[in-house]
Every structure is written in structure tokens, then in C-alpha cells.
Amino acid sequence: MKITMIGTGYVGLTSGVCYSEMGHTVICADIDEDKIDQLKSNECPIYEPGLKELIIKNSSRGNLSFTTDIDEAVKLADIVMIAVGTPSLPDGGVDMFYVEEVARKIGKSINNYKIIVNKSTVPVGSADKVRHIIQSCTNIPFDVASVPEFLREGSAVNDILNGERIVIGVDSEKAKDILINTHAPFNIPIQVTDIRSAELIKYAANSFLAMKISFINEIANLAEKVGADVLEVAKGIGSDSRIGNKFLNAGIGFGGACFPKDTLGLISIAEQVGHDFAIMKEVVKVNSKQYLKVIEKLQSVYPKLNGKTVSILGLSFKPNTNDLREAPSIKIIEELVKITNGNINIRVFDPISMEEARGQLPNSIEYCYSVENAVTESDAAIIVTEWKDIVEENWVELAKCMNSPIIIDGRNSLNLIDNDNITYLGIGRKERALRLVNPL
Ligand code: UGA
């Protein structure tokens, strides 16, 4: 199949590259000339394990190319996939501007029958909107479909190539047959459904996972008050296969480009049809406060933070990505600066996202070249992102370099036993002095 992917963000680029890996001829198109130039010279604009290798491999065997000429790319395709951004509007609704813009371009360029697939996370009814826009520009026949993407940043290539399901939302037999054949090489179970169900599946999946996280975070907050340990509770409930043990890691809440946006998106979709999605509102509310937990813990040790030196370990919203969107690190740092009127020394370390962070963090932040460099002579260390480089450090030795061996673990990422020399404060753990042995 000849596939044109419009939009080379996380979803568009990674899935486009993976379709080419499956043997399809893929053109990735974007209006961002710098990005396309980078990709043409085999450079990968995002940090995503395994992606660059696949770009090089498939570009060199001739089934992956990059262009800014969207008109030409549409004309050459059997299937045009829309994978442009759908940011949140100020009221939590979904901004469809870019999707609609692309639909107009497709309508102007379409030259023969094509399937137009929505890959972007778009509200229920968006396929109809896209259909309507294209129909208003042309008489050429086409079908629309929804094939949502379930990749996670940091493991995107693996998630696409070894996913648990492919959802295909269609309303024509022709599009159904073509899209089933297009996805057959992935060898992943395919669920064919109507378009609106496919669109809702995407929001429901992300919102359910976000709900699991806010639930376990509330259990953690409760565990602290009743003297229980959230890790034990998560293990105890997660071994029930009806609950499942994934996405039960308590911490400082979910961030990134998807969960915060999609939970608000689902609330807004519901509101538009007069439905009050009360559970999701609570999920968002719990998450909006969870990052403050590490600051409360810091203040339980130092009621006055003014003049203290605090190291922040990890900046990206999760490990294995340089993405800082909705990252708890930024909110934590901003809050620390605010409550001390800037009278605090913040030292940060992240293996790959420090350059991105420079533009977003206050000027007073000190950027460090290693975990050891960041924690040396600090009054407390806060683990914000559970990068391997951070959790696999020898924390017993690191603690000796600190002014005070106070470790606040916002991700419950260190494996510990009792020790009187180090104060270790996790999220939803019993507060006690702990000694660090083999990290996870
Ligand atoms: C998420 C979904 O997991 C993907 O299936 C989906 O395709 C993607 O959104 C999307 O819509 O594009 P992603 O945001 O990349 O993927 O990352 P996750 O691994 O899901 O993590 C999201 C956030 O939840 C992170 O901040 C992470 O630290 C947090 N999290 C995750 C927890 O706090 N606890 C957990 O147990 C798991």
C-alpha cells in the first residue's frame, strides 16, 4: 500500500516509520521544513529508542520518504493518514483546527479513491467532520476511517510492532477490506468496529489508565494516614487479574501529552452531549494536586525552605523520553520557587531533557552533569522521574555527599531496607529511616 502520513509528531512519525517497516511505501509529510530536512538526513527529531535505526533502514531500502509537499504526497497515496496535533482548548475541549486544515488540503488534492484515516486523538464525530470538509471540496469518492494509536512515548516502536490490538473503525466494506490487509503484516489481533466506537475507544483507554493512576495515588495518600504501604496494597490488588498489576505505580501523578489532555477531552465530549462525567472530573482533580506531595514531604523535614539547596532528579514526564509536556518536574520547581520567593537553590539533572528544560525553567536553576553532581552538598534530593541512570545509582554512597541525607522518592523507584543514616520518604510508604540496598 502507498500510505501518506500527514504530521510527523510522535504518533505520525513513529507509526509512519512502522508501516514502512511492515513493507508499505510511506511518505511522511509535514509543513515543518526543519523537521523534514532533519528526517531527510536520517536525523530523528524526537528521542525514541529504536526509531532512528528504523528510519535509516527503511529510507535506504526506498519505502520511507519525507516531504513538505502535502499536495503531491496526497496524490501519490492509497491511504492518507491524519496525525496532526489536537491540543486542549482553554475550556478543556479539543482543538480541531489542524485536523480540519489537513482535511481541507486533502479535499483540494485528492485525485482518485483513497481512504482517509484519522490517527490523531480526535473527539467522537470527527471522522464525520473530516468527511464533510473533504466532500465540500470534491466529488471524487473516498472513505474515512478511524485507526487510533496506542503507543507510549519511550517504547513507541515496540508498542506499535508488538501491540495488543489494532482498532479499525470503518463504515464501508471496501475500506474495511483494505485496512485489514494493510494491518495484517503486524500480526496483531484486529478489532473492526464502527467509526464512533473506535474514536471513543481511544479516549476511554487513556482515561481508564489515568483513572487507575489517580486511584492508586489516592490509596497512597490514604495509606500514609492509616499507616499502610501502597506497594503492598498495589501488589495485593494487582494480582487479581480482574484489576491487573499495571499502571498501579503511585507517585506524583500523570503527565505527558496524552493523559492530561485526553481526560479533559473526554469530560468535554461528555459535556457536549449533556453528560456529567463525574468520575473523570475527580481523576483530573486528584492528579492536579498530586505533585504537591513531594513538597509537603520536603516541608515536613524543613518547615522553612528558604536558603535550602534541593536537587531535582529527572525532568521529563517519564523515563526514556525528552518530552517535558505537563511534566510534574516543572510544576514542582515552579512551586518551590514561588513558596520561597526565589530564595532556594535548585539543582537539576536529567539524562537527556536538560536542553529542552532551559527555556521553561526559571533562570536561577543550576543544571548538573550527573546525579552525584546534583546531590552533592544538597539538603534534600527529590526523585521526579525514574530514569534507570537515577535509580541504579549507589544511593548509599550518594547520600554521603549530601548536606543532609534526605531522599524524597516521587516515584517509589528505589528498593530499600531500614537504615538510621538516611531519611527516605516515598509516596504512600511508611515514614521511616531506610537504608538503600540494590536499587530496582
Ligand atoms: C499514554 C498511553 O499509555 C498510550 O497507550 C497512548 O497511546 C498514549 O498515551 C497516547 O495517547 O498517545 P504516554 O503518555 O506516552 O502513553 O505514557 P504512559 O506510559 O502511559 O505514562 C503516562 C503518565 O502516567 C506518565 O507521567 C507516567 O509517569 C504516569 N504513570 C504511569 C504513573 O504515574 N503510574 C503508573 O503506574 C503508570
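Every number for a ligand or one of its atoms is a count from 1 in the order of the listing.
Selection from Ser214, Ala234, Ser120, Gly255 by nearest heavy atom to atom 26 (O) of ligand 1 gives Gly255. Nearest to atom 29 (C) of ligand 1 by heavy atom, out of Asp262, Ile213, Asn320, Asn217, is Ile213.
In Glu153, the parts holding a heavy atom less than 4.0 Å from any atom of ligand 1 are both the side chain and the backbone.
In this structure, Lys202 has a heavy atom closer than 4.0 Å to ligand 1. For Gly256, the heavy-atom gap to ligand 1 stays at 4.0 angstrom or more. Ligand 1 has Arg411 within reach: a non-hydrogen atom of the residue lies less than 4.0 Å from it. Not close to ligand 1: Thr121, with no non-hydrogen atom less than 4.0 angstrom away.
Here the protein heavy atom with the shortest distance to atom 18 (P) of ligand 1 is Lys318 NZ, 3.5 Å. Closest to atom 34 (N) of ligand 1 among all protein heavy atoms lies Asn249 O, 3.0 Å. Closest to atom 10 (C) of ligand 1, if we only count protein heavy atoms, is Cys258 SG, 2.9 Å. Closest to atom 37 (C) of ligand 1 among all protein heavy atoms lies Phe247 CD2, 3.4 Å. Remark: minimum distance from atom 3 (O) of ligand 1 to any protein heavy atom is reached at Arg152 CG, 3.2 Å. At the top of the distance list for atom 5 (O) of ligand 1, counting protein heavy atoms only, stands Phe150 O, 2.8 Å. Counting only heavy atoms of the protein, atom 25 (C) of ligand 1 lies nearest to Phe317 CD1, 3.7 Å. Looking only at protein heavy atoms, the nearest one to atom 23 (C) of ligand 1 is Phe254 CB, 3.6 Å.
Between Phe259 and ligand 1, a contact under 3.5 Å exists for no N or O pair. Checking only distances, Leu151 does come within under 3.5 Å of ligand 1, N or O to N or O. The N/O atoms of Asn206, backbone and side chain alike, include one that comes under 3.5 Å of an N/O atom in ligand 1.
With respect to the salt-bridge test (charged N to carboxylate O, under 4.0 angstrom), the residues Glu101 and Arg104 qualify. For Lys202 and Glu199, the salt-bridge test fails: no basic side-chain N is under 4.0 Å from an acidic carboxylate O. The residues Arg131 and Asp143 are annotated as not salt-bridged, no charged nitrogen and carboxylate oxygen being separated by less than 4.0 angstrom. Salt-bridge check for Glu33 with Lys40: failed, with every basic side-chain N at 4.0 Å or more from each acidic carboxylate O. A salt bridge does not link Glu224 with Arg429: every distance from a Lys NZ or Arg NE/NH1/NH2 to an Asp or Glu carboxylate oxygen is 4.0 Å or more.
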> Going through the distances and angles, do Lys261 and Thr86 end up as a side chain to side chain donor-acceptor pair (under 3.5 Å)?
Replying inline: CA-CA 9 Å; Lys261 175 171 75 72; Thr86 48; 3.3 Å; yes

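Formation of a donor-acceptor pair under 3.5 Å by the Gln290 side chain with backbone atoms of Gly251 is found in this model.
Checked options Val26, Asn181, Thr182, Leu179; the residue passing with Met1 is Thr182 (criterion: side-chain contact (heavy atoms from CB on, under 4.5 Å)).
Of the N and O atoms on the side chains of Asn322 and Ser353, not one donor lies less than 3.5 Å from an acceptor on the other residue. A donor-acceptor pair shorter than 3.5 Å cannot be found between the side chains of Glu386 and Ser413.
Residue Tyr98 places its OH atom among 12 or fewer non-hydrogen atoms of other residues, nucleotides or ligands, all under 6.0 Å distant.
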